[in-house]
Every structure is written in structure tokens, then in C-alpha cells.
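To start, the structure itself, in C-alpha cells.
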Amino acid sequence: MNKFYITTPIYYVNDKPHIGHAYTTIAADVLARFHRLKGEEVFFLTGTDEHGAKVAASAEQAGKLPQDFCDENSAKFQLIWDRLNISNDHFIRTTSDQHKAGVEKFLTKLKEVGAVYEGDYSGLYCTGCEKFITEKELVNGLCPDHKKEPEVLKEKNYFFKLSDYLPKIAELINNGELKILPENKKNEVLGLIKQGMDDFSISRESVKWGIKIPFSENQVTYVWVEALQNYITGIGYGSDDKTFNKFWPANIHLMAKDIIKFHALYWPAMLLAAGLPLPEVVFAHGFFTIDGEKMSKSLGNVIDPDVLVDEFGSDAVRYLLLSQFPFGADGDVKAGNFVIQYNSDLANGIGNLTSRVLSMVEKYLDSIVPVKDFEFSDEVAGIWHQYEDAMKRFQIDDVIEIIRKLNSFADGYVERQKPWQLAKEDKDQLNKVLYNLLESVRHLALMVYPVMPEVSEKIFGYLNQADWKNKSFKELVDWGGLESGQKVEKPQPLFPRLEK
RNA sequence: CGCGGGGUAGAGCAGUAGCAGCUCGCCAGGCCCAUAACCUGGAGGUCGUGGGUGCGAAUCCCACCCCCGCAACCA
């Protein structure tokens, strides 16, 4: 049996879940569900990143212990993922014992192979904040919080010999063993290597809220370094070798484009050093703008996924987010378009087709599935071929396009065949037409499943196929899954129209 | 010369050389099974600007204009 291991980034607990987190996570869920459908053994990992000076500061500001603060905020992510029907197999938290054990093992390994050395880290240090701050954070050269000029401070740090591994990584990217997708991101990453990159510090002396460096008394692991390791600790590195060996390397690390450097360079470099295989694919999707503007807290245009789910329901939110623009590219989201698209694609499309087909079967055939007919068999097999190909290329927007095509193909067929006339004139033809339509609805439900699992289950319910998950993918995709003589139900509207 | 993305119908986008497409909206018909849903047809584009290469360019090359993102922690 094939395995499929997919990850999202772990999200920083300092943030509230927003539409961007949801986008990445839903996309990963779609892929995970598709691979499960195919009968593969899937491990889908997401989680939260909980260490670092910022978290400690936020906790203090909130008057809470860092761990309590993390517990609360991590729970917010878990809650919204539940609401969105995210089917992750595990939720990794970087403050868990599982993670800490793996990090210690990994760092020790890096030290053993000589990939780590001691050096001086120098940066701007604000004595008010008691931490390093970046130049970007300064306002007129002063710390924005304490209105003080930061001093240049050096501390002893451990560094990772990134430069030792870059040539090898460039080679692996070029020969396709490490795939960076989409293609333009690959060039970007190769460009970074060409420019040359400095070794990076993997520890902090000034930070307290973190995982202790196993070979140092007073240093903690730099958050980014430790966060990346969630991809191995989350499946048991350092705690459960069996699961780890089964699922590593990852088939795909999915993320937004801002953190591609860490995933395409730093992380593979550390893995190489530790002697572990590299992930197959690093896929970076694009950013949203909201009504043409950058999404930002200060503009107040950040969309809360909770609010969207309240308005549209979980399935529709999943569909609407993923159908906005090609997966991988940047794109604009017009908030006002959601209602329009909900009505046209979901209410008038999938919802209405299901409703009209099942209503006709009820009205003309007493809800009994007629004799099998294979008119659409080849057509639909071809559509499945495109569907699987799109999934393989991670083009979820294409998947949605294909679903729409099957939908409108079936709608057009209804118009051409006019079952309401056949009911009076030609019962044989009516049976054929309705069988083809019923099967089309079944196939539609199956294609829709990774994107909209709830609605898919509902349609299978109306078709009295509650046991569909026990069947193999091949059986499900074969034409003729509905047995003649069985009953089907008349549906309730799957997507009630929204007025606007 | 910091890196990168983009400028195609009213809106949002697809389209890396061979009759310029999709969705929404708009207009006109049709249908009556269905969630006032569905189907058909139509109007609407000098594909940012100027050059170049080609039998042929939205698509390749050069220059320019404009928008946007990123540059150690907001997907």
C-alpha cells in the first residue's frame, strides 16, 4: 500500500487563525482526503508553533504563563479546523514532550556530525524588551515599545553550517529529486543559492521560552529551527520509530510562499546533515489580497474563517476559498463575490442538479433506480482521468473546474433529453436518461468529496450509498455503481440560495 | 541595476507562437424536471506602450510606463 505524508506549516500561536491559515490547511485537507479515497495510507500533519520571545512577551502582556497562553491559542486553531472538517491525523504542538524529545535527538545528531559550530551572534538589543530586535522593527532608530536606542550586543550562539550543504541541495533541485513547486519558485530558490547565503544561528541565549539546546547549559533552540523539525517529530522521530520510518520522507510540504526559503533550503540542509531523506515536494501557494489590498491587521481587512463558516457553512467556505484563483499563484479575493459564487456554483450548480435529478426519479420512477445504461461511461472515465491528473499536479482549482464541467454537462443533457416529455412518450429512453443522470450525480458526489466532504456524504445518503467508503476507489469510479431496483431519496436543498 | 509577481471583454481570471477563452454580470430567446434554478444565442477586447525576430506573437527578444508582493518569524 502506498503511503502519503502531507504537512501544513505549524502556525504561530501569537496569531489568531485567519483566512490564510485556513487556505493552506483546507488545501492540504483536500489532498489528504483524495489520497485516502485512493486507498493510500495517509498521514496529514498540522499543528502550532509555540516558542520564542514573542510568545513569551504576549503571554506576559496577557498576564498569563507562557504555557497557558499557548494552550489557549493552540486550542483556537484546533477548534476552527474542527469546524472546517480538517481531517488531520495528528496535531503537533512544539511545547509537547513528543516534539521536545525529537528536537533533542535531532540537534544532538547535527552536533555529532559536525554541522554545528560555536560563533558570535550580533544584533540590536533593546534592554527594555530584553531581546534582540530587527532593524525593520525600529521606528526612527528607536525601539517602538521603549523609545530607546538599541545597543549592538554579541552573544555566543551555535551556528549551522548551511554553506556546506547548499551545493548538494542545488544539485537535488536541478535533477528533480527535490521538487520545488510551482516552477517559478524553484527558480527563485536557485537564485537564492546563487547569491550565497550565510550560515544561520540555531540558538539563542537571550530567549528563555524555548527548547534547551542539549549540548549547552544556557541556550535555547531558535524557534524557526525547532519549528521545522515538527515535520519529523510529529510522526514520531525521537518517540515512535515505527511510525516515523513508515511515513518519512514527506510527500509534500505545503505552505504559503513567504516561508519557502526555510522549507526549500534550511530544512533540506538540516536533513542532509542529519542523514535523513528529503521531502519529495515543497509546494508554495500564493498570497491573498482582499479587494485588491494587502491583507493586514492594521487595515482591518483580515477575514476570520469563523465568520465565513457562520455565513456559508464549512463545505462552501472550503470550496469558495479554493476556487478563487489558480493554486500556487497570488490572487485577489472580493468578499462580495462569495455570495454570488455560492449561488451560481453551489446552489444553482451542484445543489440544483442533485435536486432536479432526484426529483424526476421520484416523480417518474417512484424513486427506483432504473436498468443500467452506459451512455456516459466513457465520457466520465475521461473526466476522471483529468481529475486525477489535476490532483497529481496539486491543481485544486483545476479539480474544481472539472467538477463544474461534469455538472454543466449533466445539466445540458437534461435539457436535450427533456425527461418530462419522455415520461409521456418514451419510457425506455426515460429510464436510460435517468440512469445516466443518477450515476452522474453519484460521480459528482465522489469528485466533490475531497473539497466538500459533508455535502458529498449527504448526496451518497440520498442515493442510499451510505456504505460507499467500504468500496475501493476503482469500484467507485467504475460506471454503474448504482444498482437497478434500489431506492433513492428526495433531497433537501444542499445549498439554500443566499439572498443579496 | 536587491529579488519576485502582474498589466487580456464591465468585474475576476485562463491562455508561453497557428482561427482570443472561462466564470460572473448584461441583452434576447427557449424550457417548465429543479433551490425564480436550467439550456441556447448575442453584445462587449487595437491581449500596458514602442520597437524587433518569425510565414505567423497575448505567447520569443529589447526598451519603456504602471500596479503589487518580499527582503529572519502574519498563510
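Each chain gets a letter, A, B and so on, in the order the sequences are listed, and its residues count up from 1. Values below: every heavy atom of this structure, side chains too, minus hydrogens, waters and symmetry copies.
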[atom1] atom, [N] versus [M]: distance in rounded Å?
N      : M      : atom1 : result
C24(B) : A72(B) : P     : 43 Å
A63(B) : G5(B)  : P     : 16 Å
C74(B) : A11(B) : C1'   : 29 Å
U46(B) : A9(B)  : C1'   : 13 Å
C47(B) : A20(B) : P     : 11 Å
C38(B) : G45(B) : P     : 27 Å
G15(B) : G48(B) : P     : 15 Å
A37(B) : C27(B) : P     : 14 Å

Check this for me, if you would: do Arg93(A) and Asp49(A) make a salt bridge, where the nitrogen-to-carboxylate-oxygen distance has to be below 4.0 angstrom? no
Could you check whether Lys432(A) pairs with Asp428(A) (Lys NZ or Arg NE/NH1/NH2 to Asp/Glu carboxylate O, under 4.0 Å)? no
Without decimals, in angstroms, what is the distance between [X] [atom1] and [N] [atom2]?
X         : N      : atom1 : atom2 : result
Tyr319(A) : U23(B) : OH    : P     : 12 Å
Asn407(A) : C38(B) : CG    : P     : 9 Å
Glu401(A) : A14(B) : CD    : C1'   : 9 Å

Looking at Lys261(A), I'd like to know whether one of its side-chain N or O atoms comes within less than 4.0 Å of OP1 or OP2 on C73(B). no
Does A37(B) have OP1 or OP2 sitting under 4.0 Å from an N or O in the side chain of Arg356(A)? no
Counting only side-chain heavy atoms from C-beta out, which of [options] sits nearest to [X]?
X         : options                : result
Glu188(A) : C3(B), U35(B), C73(B)  : C3(B)
Glu415(A) : C39(B), A34(B), C73(B) : C39(B)
Trp224(A) : U23(B), C32(B), C73(B) : C73(B)
Lys363(A) : U35(B), A34(B), C39(B) : A34(B)
Ser355(A) : U23(B), C38(B), A34(B) : A34(B)
Tyr364(A) : C39(B), C33(B), U35(B) : C33(B)
Phe200(A) : A72(B), C73(B), U35(B) : A72(B)

Ring centre gap for Tyr5(A) and Phe44(A) strictly below 6.0 Å: no
Assess the pair Tyr266(A) and Phe200(A): is the distance between their ring centroids shorter than 6.0 Å? yes
Using both pair distances under 3.5 Å as the test, note the stems of at least 3 consecutive Watson-Crick or G-U pairs that include RNA chain B. B:2-7 with B:65-70, B:10-13 with B:21-24, B:26-30 with B:38-42, B:48-52 with B:60-64
How about Val55(A) and Tyr12(A): do any of their side-chain heavy atoms sit closer than 4.5 Å? yes
Minimum heavy-atom separation for Ile86(A) to Arg318(A), with atom names? CD1-NH1, 4.0 Å
Do you know which two heavy atoms are closest between Ser74(A) and Thr48(A), and how far apart they sit? OG-OG1, 2.9 Å
Only one of Ile368(A), Val369(A), Val361(A), Leu463(A) clears side-chain contact (heavy atoms from CB on, under 4.5 Å) with Lys487(A); which? Ile368(A)
By the 4.0 Å heavy-atom rule, please label Asp411(A) as base, sugar-phosphate, or nothing. sugar-phosphate
